[in-house]
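The next block holds one structure in the form of structure tokens; read it before the comments.
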Amino acid sequence: MSFNVKKIRKDFPLLNAKHTLAYFDNSATTFKPLQVVKAVDDYYLNFPSNIHRGEYDLSHNADERYEEARNIVADFINAKKEEIAFTSGTTESLNFIAYGLGKVFLKEGDEIIISTSEHASNILPWYRLQEDLKIKVKLVPLDSKGRITLKNVIKTITEKTKVISLAHVSNVLGYILPLKEIVEYAHKFNIIVVADAAQSVPHMKVDVKDLDVDFLAFSGHKMLGPTGIGVMYGKKELMNKIPPLLLGGGMNTRFDKEGNYTFKESPEKFEAGTPPIAQAIGLGEAIKYIQKIGFAEIQQHIGTLRKKLIKNLTKIEGLKIYNPNAESGIVTINYKNVFAQDIATFFNVKGVAVRSGQHCAKILNDFLMAPGTVRISIYIYNTKEEIEQLIKACQEGDNYLDAYFR
């Protein structure tokens with residue numbers, strides 16, 4: 001369908017309420033359209049049963065809808081159904097991947113490559129392996145703009161490198177990783193590549209077969225879906241090799257009183273206990289909503305708004321833009337020596353919602369030479385008028401904040 005932001009906004013009740021909120025914290029979480037809310041409600045109201053457990057119609061209906069959601073996700077990223085495991089979010093997915101690789105593929109002295117700009121979810125699981133297995137975690141240096149380049153990745157690789165785990169799109173600077181090129185080079189040396197796709201899957205077409213990436217993780221709540229649902233993708237042969245972190249009902253084939261047990265194959269072995277059934281169904285609906293609009297239209301809309309914002313922010317003296325040329329809808333700024341949280345608080349008074357702080361990327365502080373930043377993140381329902389509201393808040397802040405903190 002052709003992109004019509006006014007029509008899109010009608011699907012989000014909060015955007016039609018009587019207020020002047022301009023919401024630009026979409027990299028943290030997005031609003032949910034009525035279609036997603038209704039899909040979740042439909043489960044709770046009409047077939048609120050557990051899956052893979054009951055020999056009755058309600059349970060069978062839940063089974064079908066849950067597995068339909070898995071098929072939607074698989075088609076969305078061009079994967080096989082058995083390569084898609086539902087988790088609680090990107091964080092859990094990356095923990096599952098790190099744990100599994102640590103159990104099967106890694107040993108003392110091996111090296112893991114991450115970067116200075118990674119989110120905590122793609123740092124701390126590897127740091128724990130560093131403690132437990134005595135492996136070494138190495139950081140890819142960023143270039144002068146804050147980008148991860150293939151050249152710097154190659155410089156960081158040694159004969160001991162076994163895994164590279166990087167964000168497909170930085171959650172602070174918004175740069176797109178040359179993932180396909182990194183994977184192609186890494187596979188020459190049998191290095192496993194993991195992608196944190198939390199900030200890419202909601203905004204661009206991600207084809208795991210084309211990228212040839214070994215593992216990939218993303219969350220539903222950053223792409224119009226419910227909270228509490230995420231996806232762990234892994235190539236079939238790798239998903240069947242790595243062990244699950246969580247054990248319980250539904251993921252085993254047998255266990256006995258002598259302590260013997262066996263697991264089901266992927267994806268069931270990664271979904272112990274009652275999975276996020278309603279959330280998975282909601283995620284499937286969110287994906288259908290995004291597909292109906294189309295990524296070309298989404299990127300064009302966000303790009304147009306971003307261009308307008310950057311053009312006007314560059315005119316404000318003392319306002320620093322860290323990523324003026326980033327390809328995503330993320331714009332990260334600071335104003336003189338004002339604390340990022342104070343800027344965000346001032347914006348809130350002006351009806352503008354942004355994120356301030358370290359954005360769970362604490363290692364990046366040294367590169368940015370700032371204790372925190374203000375992150376503006378644009379999505380499909382943002383409008384030209386909201387961008388103008390944000391620009392006006394920045395312009396007024398130029399006077400107020402300068403005087404207040406002088």
Side-chain angles (χ1 to χ4, degrees), residues 67 69-107 110-114 118 121-122 125-126 129 135 150 153 157 161-169 177-201 204-220 229-246 251 262-272 275 280 283 287:
E67 293 304 328
R70 197 191 309 276
N71 284 328
I72 291 171
V73 172
D75 290 342
F76 187 56
I77 62 171
N78 194 25
K80 299 174 183 175
K81 179 180 179 180
E82 57 268 28
E83 296 174 324
I84 301 297
F86 286 125
T87 66
S88 67
T90 306
T91 297
E92 188 169 85
S93 296
L94 290 170
N95 273 270
F96 279 10
I97 294 165
Y99 173 85
L101 292 177
K103 282 289 187 181
V104 176
F105 290 98
L106 300 174
K107 64 182 185 305
D110 287 343
E111 293 178 353
I112 307 293
I113 292 177
I114 60 175
E118 297 306 311
S121 298
N122 197 33
W126 305 112
L129 284 186
I135 63 172
L150 176 61
V153 171
I157 291 173
T161 304
K162 296 296 185 291
V163 177
I164 297 173
S165 187
L166 299 169
H168 194 185
V169 172
L177 184 76
L179 182 57
K180 186 174 181 177
E181 291 78 7
I182 290 172
V183 171
E184 183 178 4
Y185 184 85
H187 282 175
K188 294 177 182 179
F189 306 95
N190 297 316
I191 298 169
I192 292 171
V193 181
V194 181
D196 171 358
Q199 301 294 341
S200 61
V201 168
M204 55 192 282
K205 177 60 181 175
V206 173
D207 184 329
V208 294
K209 292 294 186 291
D210 179 59
L211 294 170
D212 199 26
V213 66
D214 299 298
F215 290 96
L216 182 139
F218 62 94
S219 296
I229 182 68
V231 171
M232 177 177 110
Y233 159 81
K235 289 180 177 177
K236 182 178 179 180
E237 61 271 22
L238 291 173
M239 290 284 268
N240 284 326
K241 285 181 180 178
I242 65 173
L245 174 62
L246 302 178
M251 50 74 64
T262 55
F263 301 142
K264 294 180 179 179
E265 291 192 344
S266 175
E268 287 86 358
K269 75 172 180 177
F270 298 106
E271 297 178 2
L283 174 59
I287 288 173

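Along the sequence shown, residues carry numbers from 1.
Judged by distance alone, the side chain of K269 and the main-chain N or O of I242 form a donor-acceptor pair under 3.5 Å. Judged purely by atom type and a 3.5 angstrom limit, T161 has no side-chain atom pairing as donor or acceptor with the backbone of E111.
Closest non-hydrogen pair, S93 versus A217, comes out as CB-CB, 3.5 Å. The nearest pair of heavy atoms linking S266 to E82 is OG-O, 2.7 Å. The minimum heavy-atom distance between F218 and A197, with the atom names listed, is CB-O, 3.7 Å.
Taken from CG in L246 to CD in E92, the straight-line distance is 6.0 Å, to the nearest 0.5 Å. Taking CZ from F215 and CG from L94, the interatomic distance works out to 11.0 Å, rounded to the nearest 0.5 Å. Atom NZ of K209 and atom CG of N78 lie 6.0 Å apart (nearest 0.5 Å). Between atom OH of residue Y233 and atom NZ of residue K80 there is a gap of 8.5 Å, rounded to the nearest 0.5 Å. The CD1 atom of I157 lies 7.0 Å from the CZ atom of F189; values are rounded to the nearest 0.5 Å. To the nearest 0.5 Å, the span separating CZ on F270 from CD1 on I84 amounts to 12.0 Å.
Within a 6.0 Å sphere centred on NZ of K103, heavy atoms belonging to other residues, nucleotides or ligands number 12 at most. Annotation for K180: atom NZ does not count as buried by contact number, only 12 or fewer foreign heavy atoms lying within 6.0 Å. Annotation: E184, atom CD; neighbour count of heavy atoms from other residues, nucleotides and ligands within 6.0 Å does not exceed 12.
Looking at heavy atoms from C-beta onward, K162 lies out of side-chain contact with I135 at the 4.5 angstrom threshold.
With I77 as reference, V208 is the one residue of V208, D207, L211 to meet the side chain to side chain contact (heavy atoms under 4.5 Å, CB included) rule. Put simply, the residue from D196, N122, V201 that forms a side chain to side chain contact (heavy atoms under 4.5 Å, CB included) with T90 is D196. L101 pairs in a side chain to side chain contact (heavy atoms under 4.5 Å, CB included) with only one of the listed residues (D110, D214, V194), which is V194. Of the candidates I113, I182, I164, I164 is the only one forming a side chain to side chain contact (heavy atoms under 4.5 Å, CB included) with I191.
Classification of E271 and K264 as a salt-bridged pair fails, no side-chain N sitting under 4.0 Å from a carboxylate O. The pair E265-K236 fails the salt-bridge criterion, with no side-chain N (NZ, NE, NH1 or NH2) lying under 4.0 Å from an Asp/Glu carboxylate O.
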- Query: Run the side-chain contact (heavy atoms from CB on, under 4.5 Å) check on I287 and V73 step by step: do they pass?
  - Reply: CA-CA 7 Å; I287 288 173; V73 172; 3.7 Å; yes

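Sorted by first then second residue, the ring pair (Phe, Tyr, Trp, His ring centres under 6.0 Å) pairs that include residues 76-106, not counting sequence neighbours, are Y66-F86, F76-F295.
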